[in-house]
Amino acid sequence: MIKLDDFLAHDAVDPRLTALIASVVEACGQISALVRRGAAGEILGALESQNVQGEVQKKLDVISNEILLQRCAEAPGLVAMASEEMDDIYPVREVGPEGGYLLLFDPLDGSSNIDVNVSIGTIFSILPAPRADGPRPAATADFMQSGRNQVAAGYVVYGPQTTLVLSLGNGVRAFTLDPLNDEWVPTAHAITIPHETKEYAINASNLRHWATPVRSYVEACLAGEEGPRGKNFNMRWIASMVADVHRIMVRGGVFLYPWDAREPDRAGKLRLMYEANPMSMLVEQAGGAAFDGQGHILDAEVTSLHQRISVMLGSRAEVEHLMALHAEATGV
Ligand code: AHM
Ligand code: MG
């Protein structure tokens, strides 16, 4: 059990928000236990179904989604949920004068890593629910809020350790799940991403499809000391955003999943509401920056629950460099 009540007491957080976060974290503890069982629990492999993005669902994607739905529906202030694995919102209570919260999540990010025993994670975002005079059913439109409205964001990485990284808008903290007693132990009180870095993360197999600023950026990194950046870079790509972002939280770096020309009408691969927005809040709260090729991700206009966005986030100086390259390309 996480001692969140104790931990958040000094933040004067609405107890309904604390209870909701505790429910999310309990669900993640349960998912962590399943992930650890792996093939022994007969929960690996794919289903025949596809999610709304047209991606094949893994058994564990669907099970994790169910666990989060069941656990969080009990949280007193929760009005509705939305997930990468569900086409539509999942209403829990009516919208009324008392407000409350909306929860969004990617129940198991990095699905392609599930069956190969590589780190995966859960990402979540909490928005305020609107207040209405009379009770009315929750609607998708209630979720159409800027990332700046998030009251909390977090992820849990299921790696060699299970770690929760959480922000309520006043810095970033980490808790590690101690398997000896199932307690979430506070392990970092104020995570700060190093301002500068020599490490980047991108799926370089897509190089030929990138727009000029991203291609120039990576080519300059590859050129090392002899190139325009005058320094050598290292590259990492785990193919789990949670694991790649966690590395950046710990030692800095920059993560890119940019727009590319494979599907020119699609803004990017990653989803704004339950991947890019919560990660951007965490990164900004840790002193980093998050950019979509045009502006700050947290300021991006929200048009639909499953909308995609181009993502470049991490160490501030490196993201600012990417911003400058994009500004040059557009002549701004
Ligand atoms: P998912 O939510 O279906 O798992 O997809 C998101 C994941 C990210 O975690 C990761 O950064 C990216 O997809 C990897 O994509 P690729 O396989 O194209 O490198
Ligand atoms: Mg995902």
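Both counts, for ligands and for their atoms, begin at 1 and track the order of listing. Because the structure is predicted, anything quoted here is derived from the model rather than measured.
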Per-atom contacts, ligand 1 versus [X] - under 4.0 Å to a heavy atom:
X	result
Phe255	11 (O)
Met241	8 (C), 9 (O), 10 (C), 11 (O)
Arg271	1 (P), 2 (O), 3 (O), 5 (O), 6 (C)
Asn203	16 (P), 18 (O), 19 (O)
Ser240	9 (O)
Glu275	2 (O), 6 (C)

Looking at side-chain heavy atoms only, is the closest gap between [X] and [Y] below 4.5 Å?
X	Y	value
Glu301	Thr303	yes
Ser111	Ile114	yes
Gln145	Pro128	yes
Val242	Ile120	no
Arg316	Ile193	no
Ile31	Pro107	no

Evaluate [X] for polar contact with ligand 1, using N/O atom pairs at a separation under 3.5 Å.
X	answer
Gly110	yes
Asp244	no
Leu108	no
Trp237	yes

Problem - Nearest candidate to atom 7 (C) of ligand 1, where distance is taken over non-hydrogen atoms, out of Ile123, Ile120, Asp109 - result: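 Checking each option, the heavy atom nearest atom 7 (C) of ligand 1 is found in Asp109.
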Exercise for the section: For atom 12 (C) of ligand 1, state which one of Glu85, Arg262, Glu84, Lys269 supplies the nearest heavy atom. Expected result: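 Looking at heavy atoms only, the winner is Lys269.
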Is it the side chain (CB and beyond), the backbone, both or neither of [X] that lies under 4.0 Å from ligand 1, heavy atoms counted?
X	answer
Leu270	side chain
Ser111	both
Asp106	side chain

Practice task
Could you label the plane-to-plane angle of the Tyr257 and Trp237 rings as parallel, tilted or perpendicular, counting under 30° as parallel and over 60° as perpendicular?
Solution key: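 Rings of Tyr257 and Trp237: tilted, 30 to 60°.
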Problem - Pair Tyr101-Asp14, side-chain donor/acceptor within less than 3.5 Å - result: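 Checked: Tyr101/Asp14 side chains pair up, N/O donor to acceptor below 3.5 Å.
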Problem - Short side-chain donor-acceptor distance under 3.5 Å, Ser125 and Asn277 - result: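 Per modelled atom types, Asn277 and Ser125 side chains form no pair under 3.5 Å.
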Could you check which N/O/S atom of [X] is closest to the Mg ion (ligand 2)?
X	result
Glu275	OE2
Asp106	OD2
Asp109	OD1

Exercise for the section: Calculate, to the nearest 0.5 Å, the distance between atoms NE2 and CG belonging to His326 and Asp292 respectively. Expected result: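 Between atom NE2 of His326 and atom CG of Asp292 there are 8.5 Å.
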Exercise for the section: Could you grab the distance from atom CD1 of Ile67 to atom CD of Gln30, nearest 0.5 Å is fine? Expected result: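 Rounded to the nearest 0.5 Å, the CD1-CD separation comes to 4.5 Å.
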